[in-house]
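Naming convention: chains lettered A, B, ... in sequence-line order (proteins, then strands); numbering from 1 in each chain. Hydrogens, waters and symmetry mates play no part in the numbers below; they use all other heavy atoms, side chains included. Everything numeric here is computed off the predicted structure, so don't read it as measured data.
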Amino acid sequence: MSNEMPKQYDPKLVETKWYEAWERAGYFHAEPNAEKAPYCIVIPPPNITGKLHMGHALDNTIQDVLIRFKRMSGFETLWMPGTDHASIATEVKIIEEMARQGQTKQDIGREAFLERAWAWRNEYGTAIVRQLRFLGSSCDWARERFTMDAGCNAAVLKVFKQLYDKGLIYRGERIINWCPDCETALSDAEVEFVPQASHLWQVRYDAPDKSYSITVATTRPETILGDTGVAVHPDDPRYQHLIGKTVIVPETDREVPIVADTYCEMDFGTGAVKVTPAHDPNDFLIGERCGLPALRVFTDSGKVNEHGGKYEGLDRYDCRAAIVSNLKASGHLVATKDHEHNVGTCYRCHNTIETMISKQWFVSMKPLAEPALQAVREGAIRFVPERFAKTYYNWMESIRDWCISRQLWWGHRIPAWYCDDCGAMLVEETAPDRCPCGGALRQDEDVLDTWFSSGLWPFSTLGWPEATPELQYFYPTSTLVTGYDIIFFWVARMIVFGLEVMGQIPFDTVYVHGLVRDALGRKMSKSLGNGIDPLEIIEAYGADSLRFSLVTGNASGADMRFSTGKAEAARNFCNKLYNAARFLRLSLEEGKAYAIDKARLTLPDKWILTRLSQTVTEVTEKLNEFDLNHAAQKIYDFIWSEFCDWSIELAKPALHGGDAAEKENALAVLVHVFAQAMKLLHPFMPFITEELYQFMPDTGQTIMTAAWPAVESGLVFAADAAAMEQLMELIRTCRNMRAERQVPPAQKIALFIVSPNAAAYDGLQGHIGRLVGASEVKISCQNEIAGQARNDEKGTLSGDVHLICEGIEAFVPLASLSDPAKERARVEKEITRLQGEIARAQSKLANEGFLAKAPEKVVEEERMKLSVLQEMLDKIRVEC
RNA sequence: GGGGAUGUAGCCCAGUUGGUUAGAGCGCUUCGUUCACAUCGAAGAGGCCACAGGUUCGAGUCCUGUUAUCCCCACCA
């Protein structure tokens, strides 16, 4: 049967099989467990496009690597995903879909609209979940159990009420960002600024009696209709005489004052600014300082309202054109200059946002931010990599109040009720029947910003406000894994809410990763069409390959470029693993147990076992430091460059021609090392490691719950490993020599090795011969060898090739092939190299500063190095 | 304007608290298939570590400046 295994690994044969097996056996299940420590990862709400993208794949891969690692290390692991509720994206999608059918949301009403939204969310939210399993994601149990819609309404209502009662949530008139197309308020974070070519118009405002005038500069002439003042800098000599006087706003009959405010910059434009408190955040502040009223001139859909006089009903863009042309006609337009400036746009629909005064709900952030800042400053919460803490500080320290109301339907509706009779406002967790005055109540139409409910994630998904066992066991959670683009939106708010509501940090570590970019370093986007579909990569190379390529090849926190080349390299690695396992399996006997007998271990056995232990230590360390890249790299190198390239090669004679005991010993070592290596690799490549682990004898039900490898001190042999490394280096040098001299592969050579470790190498002659293409290999201690080489091979020593490595050297009688000139050139090159090295070491050691100030260990190493080099040089000289 | 990065081989990236001859992978050159793997093996070429100063016995690594590229925040009417 084993002989029939195909030569190449096919991921499709195992991925579904193992995923289903794990699922059936309940290995994704997590619950409070007295025997184990909890480990809990918080993951972001997937967006509801229904399509897995590389960002999801990266996020989920990192999370799953950590979860699997912790699980094998004896933790009860949980991750808490879910699908969020409020979302402009979802609302816009549904409105678009309805528009195609000639409907608006008002046509069908709130209730029917929400029904459609739920259907949409269920369809696309679960589509993502289904697709994640192809990646090997192990989070299904939690996903089914904790979703935002199920339990979290209660949490949202309770938190809202609590903050309101403490005065931390308030309703007020503020300048907010308004998207006239989505017809909703946006938080500051949701506005994107894009540079746009426009004009700077200079407009003259005349005195009522035309005795004086002042010229202002503006980029938005349509807001002239809402001007309630003109401001100049208090120190501006040009305008001193005008401060306190009034002017008439053009195109209106309004008389407004000229005020002094330091906000004005004397050297920009004309130094005078028109003040429109209702439509500009800075003007709003000027208005507050100078007592200017706010006059709103646009409707929610961006048209001029009743305050616009003859412009009423015009769209904002048409209004601009009309006003400019009228100003020109009336001679008020003094100048028009080209001007590029940044225009705020809606992050969702990309239309220009208006800043307007509006009645909205706000969270007062300053008092909430303080403890959240402290938690990070004092180290209770740690960012990995650390530099992202600065981003967090930067934002939190300059935080402004957070506008949380959205004029959407799809979301958590604000639990506030108004009484039309007495004008009272009630904020309650459960809907009140009537106003205390007896009047009828109507609920606030707005819903909450999506990040308000998402910010409650770490505890609301665990069942809060119920005191569930999960909440007690898993909160505070352990780690948050997310991209840096979401630090402001999400991370900061979870910390704020965790501290405010639970009185405890929500997690102790924030592991921040970069974004996935395309092979050219561009952000993957629909408009560029450069997005790579993770499912296509899985189809072509397998899920393990995709996962591996996502965690290797870049430092944590840095953006990563994804290319199919990386997936291909990972796929080749899978094939390498598969074939190594296949090779072992060809020799394994069914049902036989293979135990390592320490008495029979060969030098290469001791070497690979030692290297295994070192690799275990390193990989574990790196994973604990969240350094997935290097953890993966270490295990990759160990398996490919050491286990496959050397151990398997060296075991072949024993497996193919050795006696039974030899064969058994060789297999015992290989099987042990391979099985341990599979465990180390399992978090990164769950499917193939499970499959191949099952090929080994004596494995359990699943590698998922196998114990994470530990260093076995009885199987560490430092001195033997070092001797082996020296021999390996000699073998490389010898191969190099053959290649340089173009010795045909068929041409066997003789090799005479000299080393103080000769005894340790005894018995390896056959191996060495195979690896370097030698028909004769002799190993000896220092003194006898030279004579032996001479005696046995008659040729002169100067015709022999002399190979020198640290702690080991060799003679190759190649007289018949040897070109004395070439050989001399080779040796001279080597001598030059050694002399250079020696000179460098000598000058270092001659430097008194070095001797005095460098650590003793470094000096000692330098001395050792010099003596080794010196020895090598001495030997090589004897030959010339 | 404020903040955060990045610049190392043709390409994409590693390089721990300063300490051997700066490393992988892809690509390139040469050689190699009787049995784990050509999705492979062996060997090789290829680097003024952006530039200029400084600190140090010693700098790819630390400091200052210059330059190039990128991201985030704020935003000038």
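- Spacing of P atoms, rU16(B) relative to rC76(B), comes out at 43 Å, to the nearest Å.
- Residue-level contact check: Glu861(A) touches neither bases nor backbone, having no heavy atom under 4.0 Å from any strand.
- Between rA24(B) and Gln633(A), no contact under 4.0 Å exists linking OP1 or OP2 to a side-chain N or O.
- The phosphate of rA77(B) has OP1 or OP2 within less than 4.0 Å of a side-chain N or O from His339(A).
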Can you give me the N/O atom pairs linking the protein to nucleotides 41-50 of chain B at distances under 3.5 Å, or say none if there are none?
unit_1	atom_1	unit_2	atom_2	d
rG41(B)	OP1	Lys576(A)	NZ	3.3
rG41(B)	OP1	Trp640(A)	NE1	2.4
rG44(B)	OP1	Asn736(A)	ND2	3.1

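- Residue Thr219(A) is classed as a sugar-phosphate contact, given heavy-atom separations below 4.0 Å to backbone atoms only.
- Within the nucleic acid shown, Asp559(A) has no heavy atom closer than 4.0 Å to any nucleic acid atom.
- A distance of about 14 Å separates the C1' atoms of rC48(B) and rA9(B), rounded to the whole Å.
- Ile648(A) comes within 4.0 angstrom of a base, heavy atoms only.
- Between Phe583(A) and His656(A), the ring-plane angle classifies as perpendicular under the 30° and 60° cut-offs.
- The phosphate of rC40(B) has OP1 or OP2 within less than 4.0 Å of a side-chain N or O from Asn572(A).
- Residue Arg400(A) places at least one side-chain N or O closer than 4.0 Å to OP1 or OP2 of rC75(B).
- Under the side-chain contact (heavy atoms from CB on, under 4.5 Å) criterion, Ala567(A) pairs with Ile537(A), Tyr541(A), Ser549(A), Phe562(A), not counting sequence neighbours.
- In this structure, the side chain of Arg522(A) does not engage the main chain of Arg517(A) through any donor-acceptor pair within 3.5 Å.
- Every stem involving RNA chain B, taken as at least 3 paired positions in a row under the Watson-Crick or G-U wobble test at 3.5 Å, is listed here: B:1-7 with B:67-73, B:28-32 with B:40-44, B:50-54 with B:62-66.
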